Undergrad: 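If you scroll down you'll find the structure; I have some questions about it.
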Amino acid sequence: MTMIADKLIITVAPTGSVPKKKDTPYIPITPKEITECALRCEDEGASILHIHARDQEENPSDDLEIFKEIVESLMKRSDLILQISTGGRAGSEVESRIRRLQVRPEMASLTTGSVNFPTAAYVNPPDLIEGLAREMKRLKIKPEMEIFDVSMVYNALRLRDRELVSDPLHFNLVMGLQGAIPSTIEHMVHLCRCLPPGSTWTVSGIGEAQLRLGIHAILMKGHVRVGLEDNIYHRKGELATNEGQVRRIASLSREMGREIATPEDARKILRLSPTMGDN
Ligand code: MG
């Protein structure tokens, strides 16, 4: 029997900011679609849901009511750990990005630096990062440090030195996005070596890197994020579903001897405090 600490946590990021229905009919956009999709992913072994909101035109939205609708319906119907994206494509103002934390998810993403995306800059200045970290600390929301480059690991460690975030830290290594760190195994190994002992990490391989890096993360005792936010294909020329991506990585992990963490297991592995998300 696998020890809980050795199990694989699967995060699913079903929506993101970019893919639209014209790109793939499998992208969930409305709160209802996101909820139904999340439940299917939970059945296949996902334990964390990374949430982005979209408006009726499918554009990224910072509307608190949309986040609320998704979070409230899933709290009733699932045991998933809900992780709100504080990403900036839906509005780069500090208030816009902090406000959505009011829905009190157990986790939220925190990008600890700036980077170029393929067609725009993703700007996260020091005062914004600090503001988000402070609010997450106040609301007892566990940050997932989104790492697009090596420097961002060290920015996260500086937040820890200033007691704005606390151990054990959790990182998401986002690799293979044009403009950010490339998706080589060497870079992944190096990023892992930069993480402080006792921290946990997951990998988000973008595009074709999703499966390749996911498999390596399973072998390296990391965790894996899948989902159409990062890659809309199952294999070249064949569109994926979110639940299909979860099913595939869960099956590969079991083949390699790692059982899949339930949401309860994942809470223990990530040391989510029992009071997180409450009150
Ligand atoms: Mg995201």
Side-chain angles (χ1 to χ4, degrees), residues 9-20 23-24 26-29 31 33-34 37-38 41 46-55 58-64 66-67 70-71 74 80-92 96-101 103 105-124 128-129 132-133 136 141-149 152 156 170-181 183 201-207 209-210 213-214 223-232 240 242 245-246:
I9 299 173
I10 301 174
T11 298
V12 64
T15 305
S17 297
V18 178
K20 294 191 170 183
D23 304 307
T24 169
Y26 303 117
I27 190 96
I29 298 287
E33 285 172 346
I34 292 172
C37 175
C41 291
S47 50
I48 303 178
L49 177 73
H50 176 79
I51 302 169
H52 283 255
R54 301 284 191 98
D55 65 18
E58 302 186 45
N59 294 314
S61 170
D62 67 349
D63 186 339
L64 190 59
I66 299 175
F67 281 105
I70 298 166
V71 165
L74 281 168
L80 286 164
I81 297 167
L82 303 179
Q83 180 190 85
I84 293 282
S85 167
T86 62
R89 293 201 222 205
S92 53
S96 140
R97 291 173 58 177
I98 285 183
R99 192 156 38 110
R100 65 192 79 160
L101 297 175
V103 302
E106 283 180 273
M107 296 182 79
S109 60
L110 177 61
T111 305
T112 51
S114 300
V115 65
N116 277 352
F117 281 167
T119 58
Y122 180 33
V123 180
N124 296 286
L128 169 77
I129 297 168
L132 282 167
M136 288 183 205
I141 295 167
K142 175 148 182 160
E144 177 175 271
M145 309 293 180
E146 308 290 349
I147 303 300
F148 291 80
D149 230 322
M152 294 193 194
H170 178 65
F171 296 87
N172 176 22
L173 314 178
V174 185
M175 303 186 66
L177 188 69
Q178 188 190 311
I181 197 164
S183 62
W201 61 276
T202 189
V203 71
S204 296
I206 305 300
Q210 185 180 60
L213 293 186
H223 302 282
V224 180
R225 180 169 112 171
V226 294
L228 304 190
E229 169 165 353
D230 302 332
N231 173 30
I232 64 171
N242 283 292
Q245 289 184 350
V246 174

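No experiment lies behind these values; they were computed from the predicted model shown. Atoms within each ligand, like the ligands themselves, are counted from 1 in listed order.
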Undergrad: Counting distance only, does the side-chain N/O of Asn242 pair as donor-acceptor with the main-chain N or O of Leu228 below 3.5 Å?
TA: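 Yes, because the side chain of Asn242 sits within donor-acceptor range (under 3.5 Å) of the backbone of Leu228.
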Undergrad: Ignoring hydrogens, what is the shortest heavy-atom contact between Ala108 and Thr86? Give both atom names and the distance.
TA: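 Closest approach of Ala108 to Thr86, heavy atoms only: CB-CG2, 4.2 Å.
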Undergrad: Are the side chains of Leu132 and Ile98 in contact, using a 4.5 Å heavy-atom criterion?
TA: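 Yes; the side chains approach each other to less than 4.5 Å.
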Undergrad: Quick one: name the protein N/O/S atoms under 2.8 Å from the Mg ion (ligand 1), chain by chain.
TA: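 Checking every protein N, O and S atom gives His50 NE2, His52 NE2, Glu229 OE2.
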Undergrad: Over 60° means perpendicular and under 30° means parallel, so tell me whether Tyr122 and Phe117 are parallel, tilted or perpendicular.
TA: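 Correct class here is parallel.
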Undergrad: Out of curiosity, His170 NE2 to His223 NE2, how far, rounded to the nearest 0.5 Å?
TA: 7.0 Å
Undergrad: Ile129 and Asn124: which non-hydrogen atoms are nearest, and at how many Å?
TA: CD1-O, 3.3 Å
